[in-house]
Amino acid sequence: MLVFFLIPLFVVFGISLATKQFGRPPYSALLSTEEGTVQLTLHLSNYIRLFSDNLYVAAYLSSIRIAFIATVITLLVGYPMAYAIARAPDQWRNILLMLVVLPFFTSLLLRVYALIGFMRGNGVINQFLGLFGIEPLVMMQTDFAVYVGIVYTYLPFMILPLYTTLVKLDSSLLEASADLGARPVRTFLSITLPLSLPGIIAGSMLVFIPAIGEFVIPSLLGGPDTLMIGRVLWDEFFTAANWPRAAAVAIAMLVVVVVPIMLLQRAQSAVVEK
Amino acid sequence: MRRGWFLPIAAALGFSFLYAPIISLVIFSFNESRLVTVWSGFSTKWYGELFNDPQMLGAAWLSLQIAALSATIALVLGTLAAVALVRFRRFKGRTLFSGMVSAPLVMPDVITGLSLLLLFVAMESLLGWPRGRGTLTIVIAHSTFCMAYVCVVVQSRLSDFDRSLEEAAMDLGASPLRTFFDITLPIIAPALVSGWLLGFTLSLDDLVIASFVSGPGSSTLPMVIFSKVRLGVSPDVNALATIIIGIVALGVLAATIIQLRSRPKKARA
């Protein structure tokens, strides 16, 4: 029986070695046949370059900014939806939930592609606006398009954890609050919102973390000046073919992402316990 | 209880936001015109064109093979990992193990892809295997990240599993292995099915990781679509997208029905 558990353990262990060590000298040294010491200095220079070159710093900052703003918007869009689903009649809930999950299974690439058709210069939205004589809006190749893209594609990740916390909410608390004379808004702010906090954190992290490293959305929807770190890494790797630097970019990205991941795991265990 | 107008409207808007682009894409896939968004009559000619495109068909076939294989491997490994996590509450390195299992769920694709590629390259120079990159490396990469999803699905099923059934089987003299195959496996089967389907769709969908670990001559469908979309919107991608969306919708529907049917009668709300 032990063997059964050890095999996957070893497999995962091998993978973990990869994620953890690929940026360290041994791995980049393996990439070429030069001496280890040469590689070590070479490698450090990649990190120095990372900080001295404005491109990278700017890319990290704008990735974080874009991911953050997009996460907030997703939360604002997703919260009412999750709440509505949690409050919906029983027989509706599963159907609504499935409707939320369904797009998630539909290819991300294709959903982004559907958005392009929607937001293009002569896309559906602009044709619709044109019916009212409104000038076409420029939506593609802007940061706006990237926000829409992230919100659109990651909405299910926000709704599901929110739903799980909201549906477990004890309605007697809400009734008690209402009986004691609190207005709905106040009940929401002082009871519902704090109690759904783990869901908010979990959902936000599930959107924020992948959004930082997002590659497909900015490269298809964003403009040439939309800097995101996933794109920089991709270009570094595929266009510049600079593997060690790409690895350094990835390691730095990992550092940026690790703190949110830890937050996420804490929030998730809080969700599970409740 | 609050039953205002705000929630239903917000939800309705949200759902239309989710579905409007997809629906418009499906509609326009039947468009006659080459201009993707100008409607000029019903036609299925883009579907015809799609099925005469050897590059697309080849990539689609390759993607399906990879997805089926990866989902199967991921299912086996993910189930074992889930069993290990649920059954052995405490073992050395459990936190590390569960962390490693769930990390791929949130890790940005570019990091996963790059790290796997570097691992493959390192293994090649150390062990001489896997030689070069191609379908095999994509399968390995996809299996590993799908495994995490399978593990989560199976884990949730296992944790509301009645242990006494297994204990009864053991008391009646069944060996652990026999108990696993006769009792545990049938009960968690629905989770296995949906886990497999999940892995299958995820693998079919993946662009970033596949791009990193693939070699020349092994372009998966998302890679072909991506390069096409980059060059501009073309109507046959609409047709392809519609087909994929249709298949996925059916798959998810099937998985949900299987899950709902198998739920014990106690009807968990």
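Looking only at heavy-atom pairs under 4.5 Å with chain A, the residue among B/P21, B/A10, B/G14 that has the most is B/P21. Chosen from B/I22, B/V26, B/L207, the residue pairing most often with chain A at heavy-atom distances under 4.5 Å is B/I22. The residue among B/I245, B/D205, B/D206 with the most heavy atom pairs within less than 4.5 Å of chain A is B/D205.
When heavy atoms are compared at a cutoff of 4.5 Å, B/A20 approaches chain A by way of both its backbone and its side chain. For chain A, the nearby parts of B/S211 are the backbone and the side chain; heavy atoms of each come within less than 4.5 Å. When heavy atoms are compared at a cutoff of 4.5 Å, A/I212 does not approach chain B at all. Neither the backbone nor the side chain of A/I159 comes within contact range of chain B, judged by heavy atoms closer than 4.5 Å. Within the 4.5 angstrom heavy-atom criterion, no atom of A/V112 approaches chain B. Using a 4.5 Å cut-off between heavy atoms, B/I244 touches chain A through its side chain atoms alone.
The side chain to side chain donor-acceptor pair (under 3.5 Å) search around A/Y154 returns A/E214, not counting sequence neighbours. Not counting sequence neighbours, B/S214 has no partner by the side chain to side chain donor-acceptor pair (under 3.5 Å) test.
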- Message: Between A/L162 and A/Y83, does the side-chain contact (heavy atoms from CB on, under 4.5 Å) criterion hold? Intermediate values first, please.
- Response: CA-CA 8 Å; A/L162 280 176; A/Y83 202 57; over 6 Å; no

- Report the C-alpha separation of A/F157 and A/T74 in whole Å, then their side-chain angles, then the decisive distance to 0.1 Å, and conclude whether the side-chain contact (heavy atoms from CB on, under 4.5 Å) test is met. CA-CA 9 Å; A/F157 288 108; A/T74 316; over 6 Å; no

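Using a 4.5 Å heavy-atom threshold, the side chains of A/R93 and A/Y163 count as touching.
Between the side chain of A/Y152 and the backbone N or O of B/L18, at least one donor-acceptor pair lies under 3.5 Å. Put simply, the side chain of B/S63 gets close to the backbone of B/L221: a donor and an acceptor are under 3.5 Å apart.
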